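In what follows, every heavy atom counts, from backbone to side chain, and hydrogens, waters and symmetry copies are set aside. All values derive from a computational prediction rather than experimental measurement. Each chain gets a letter, A, B and so on, in the order its sequence line appears, and its residues count up from 1.
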Amino acid sequence: MADELSVLADKGREPEKITIIRMCFARSGPPIWLAHLDLMRTFERSIRRAALPIAYTRGFNPRPQLSFALPLGVGLATEDDYVDLTMLEPIDPRSAVDRLNLFLPPGLKVLTAGVVSAKDPSLMSLIQAAEYLLEGHGISTAAKRIAGLPQDRPWLVEKKQKGNMVTVDIRPLLMDMHDESPDRLFIQVKAGSKSNLRPKLFLEALVRLGDFDPLAAADTEITRTKLLIADGFGGLKSPLPRPSAF
Amino acid sequence: MAAVNVPRYVLQSVVKPARYVGGEWGSVHKDLSADNQVRTRFAFCFPDTYEVGMSNLALQILYDLLNKRQDTWCERCFMPWTDMAEQMRRLGLPLYSLESYTPLRAFDFVGFTLQYELAYTNVLSMLDLGGIPLLSADRKGDDPLVIAGGPVTYNIEPMADFFDLVIIGEGEEVLPELLDLYDANRSLASRNRREFLRLATRIEGVYVPAFYHVSYHPDGTVAAIQPSEPGLPARIRKRIIRDLDRVDFPLAGIVPSTEIIHDRIFLELFRGCPRGCRFCQAGMIYRPVREKSADLLIDQALAIERSTGYDELGLLSLSTSDYSELAKLTDGLLCNLAPRQISLSLPSLRLDSFSLELMEKASKTRKSGLTFAPEAGTQRLRDVINKNITEDDLLAAMRLAFLGGWKGAKLYFMLGLPTETMDDVEGIADLTRKIEALYNELPKSQRPRRLEMTVSTALFVPKPFTPFQWAAQATPQQLDERVRRLRTLLRSRSVKYQWHDTDTSRLEAILARGDRRLGPVILDAWRRGAQFDAWQEHFQMRIWLDALQAAGLDPDFYTVRERSEDEVFPWSHIDIGVSRPYLLSEYRRAQLAQTTPQCRDACSFCGAESFEGGICIGR
């Protein structure tokens, strides 16, 4: 039966028709508490409810072919996240967005979408940087304190890596930081499979080195405001292809 | 009452915060301002974690049913895990519903579904966290009505002090009747709760424990159970749905965003079971057998698949192979589901060639595990419990399984069954060895490369409303000795042995056949810290033994004591249709190792025919 199923799935799979839709989505409200696997499952089921012509992985346990840009930590909101959907046939990105939005639980919303080439490297491997808005009581003062530490002093924090606690210097991972008010701080950090700074680790550095109140840190709202990929000219750009100007 | 606001740092600090925030696809939100249409707020409570509770079909059925009423909003509430409960206590946050974050005490009804006895202390925790007085006698007009339903309420006596009203039997008809009555007598319910409860007893299936007086003999057995006022029914008769094809079934259930235990669509094939295994409470309390039609089930499955987006569908019943239209149903499901990448899970199948072929066809993952429940190790003991399986059946099934590429199976047995001797225990090991021999005799080309058998033993717990309600539970020493014997006998590279904890089964036995004197014991045990008793990491028998001792009660009275044939049981005033004389004759036949034919082969006139439904009609 498993073989039969794969055949059925393959029937509609004509390579020239395979289309990859890259969707930009936001999450807020209850879904921010989903773990990455939960978020994947929720997207899979929503796509099935929306009856989008999604392709399935092969093998004994076929799953809808989705690929997310960068896992979101538990408790994080986002305004600018990305997922690639492999479709069995060409489909208008806008109508796919409208359709899927009807079937996502409240708090998850697709904002826009575009078609990307099936030959592109995986979305996850493209990600270079992320921007976050951190909203916590007195966060900007703590940020100024660590920014004022001598340039040659590393920002050491402990993190769990493969079950062990390791000490890492996160200073090189912070690309930019500016405050908008005493309680609102923007940071731009390295992100992706090569080097990645999780915002919660940054908050820990604020606690350890910037005298940030631990309770305020635990209560800080974190929103991912941007995910960025290399633009090929040494800069960064949105993962979503701009509508062609030509 | 204001919605509960859980601070962000609390959710950030607890395990699986998604359990506590709601917002799932299919959860129902109602506008409370709209023309004041919602008048009754109902909190459906499951006294275990979100993952366990959301896997329960009764919750999905009743949530859907109650929310179809314009005047009612049914919301959900689960037992928070200990980390969350601690934080809530520390911050004074009341337990709240997942839909509107409303504190439990602000609801009109707080309704618990009780699926197992070991959840009792969690009921108390939830009431306490919800700010509701624990004892029914202490609740006033503006407190919610605390009600219960579900399989263990057939003997709710140990929890009688805590519930205002209990529903005996299936809830789909009686619950709406109760809500209608409440809506028509809203002011009476808050002005004079007792009078309202009195009114509710006119609904068949409604049991108000406070209206019944229990007296005891000096030896602790029940002398009599009598209504405390004239006009109350002497016996409370369970409610059933006579025609399952004509009762609402949720076609668009809640789809959890976070993983739950049984994360799939459930299709309920039938209620009841024709087999009549003598240890099985479900097999008696859900009689008579009532089937849904295959055509309707196929339509419902497709509708649910479209509305939920699930990719797995499970058939639900006490014995899938006994569904009379199984071939038609599975053919219909498979030809519709396969193109949509849905797998079918098939629990409770008899192992025969039809079933094995079906399992092979049904699952995307090629070899799902086989399970098989001979329950006892010798033919004699299988006859005692009326489990209609022979050794030849088992070996023939295993041969088919090996030839079909299965590496083995999981075999379920019970230890401590009435009349069990060490010979019967050793019979389990003999049976396992015969399966190993069968495997070894097959040519290497025709069998899987490795043999992987699992033997699992549960400990027998005598349950009310079964032929074994009179029987003694084996002593903890006997049970430990039998488990030890099996551990020695089952030492083999290809056999894994799993066994259950003696103390858990002992507590289950105390509560299952318990009386009202256990109410203060449960309260005391809870005060001493008992909670999540069904979870090995939290269960502490010591607490329970201390609480029993403090109340002057002997656990052995409830567990290892065989009841006399004329003893008045604490649940004697509950009428499940199946009669006491029938159960007693089954108990006597058990002692003679005489089997009784199943419902489809011959009617035994158990009493369930009085419901004039399902399999009993047309005889």
Open item on the list: More than 12 heavy atoms of other residues, nucleotides or ligands under 6.0 Å from NZ of Lys407(B): yes or no?
Closed with: no
Task: Contact class of Leu37(A) relative to chain B, heavy atoms under 4.5 angstrom - done: neither
TODO: Keeping the roles fixed (side chain from Arg340(B), backbone from Arg48(A)), state whether a donor-acceptor pair exists under 3.5 Å.
DONE: no
Open item on the list: Under a 3.5 Å cutoff, is there a donor and acceptor pairing between the side chains of Thr258(B) and Asp38(A)?
Closed with: yes
Open item on the list: Do Gln12(B) and Thr220(A) have side chains that approach each other closer than 4.5 Å (heavy atoms only, starting at C-beta)?
Closed with: no
Task: Glu259(B) side, atom CD; Arg41(A) side, atom CZ - distance, nearest 0.5 Å - done: 4.5 Å
Task: Least distance between heavy atoms, Leu34(A) atom then Ser257(B) atom - done: CD2-CB, 3.5 Å
Open item on the list: Take a 6.0 Å sphere around CZ of Arg145(A) and say whether it holds more than 12 heavy atoms from other residues, nucleotides or ligands.
Closed with: yes
Open item on the list: Within this structure, what is the CZ-CZ distance for the pair Arg306(B) and Phe103(A), rounded to the nearest 0.5 Å?
Closed with: 11.0 Å
- [ ] May I ask you to test the Arg8(B)-Ile32(A) pair for a side-chain heavy-atom distance under 4.5 Å?
- [x] yes
- [ ] With Arg49(A) as the cation and Trp25(B) as the aromatic partner, state whether NZ or CZ is under 6.0 Å from the six-membered ring centre and within 45° of the axis.
- [x] yes
Open item on the list: To check you understand the geometry: which heavy-atom pair defines the closest contact between Pro106(A) and Gly23(B), and what is its length?
Closed with: CD-O, 3.8 Å
Task: Proximity breakdown for Ser27(B) and chain A, heavy-atom pairs closer than 4.5 Å - done: neither
Open item on the list: For the interface with chain A, which of Ser307(B), Gly26(B), Gly309(B), Gly22(B) has the highest count of heavy-atom pairs at distances below 4.5 Å?
Closed with: Gly309(B)
Open item on the list: Counting only heavy atoms from other residues, nucleotides and ligands, does the tally under 6.0 Å from NE2 of His29(B) exceed 12?
Closed with: yes
Task: Flag if over 12 foreign heavy atoms under 6.0 Å of NZ, Lys200(A) - done: yes
TODO: Sort out for me which of Pro7(B), Ala18(B), Ser13(B) touches chain A most, counting heavy-atom pairs under 4.5 Å.
DONE: Ala18(B)
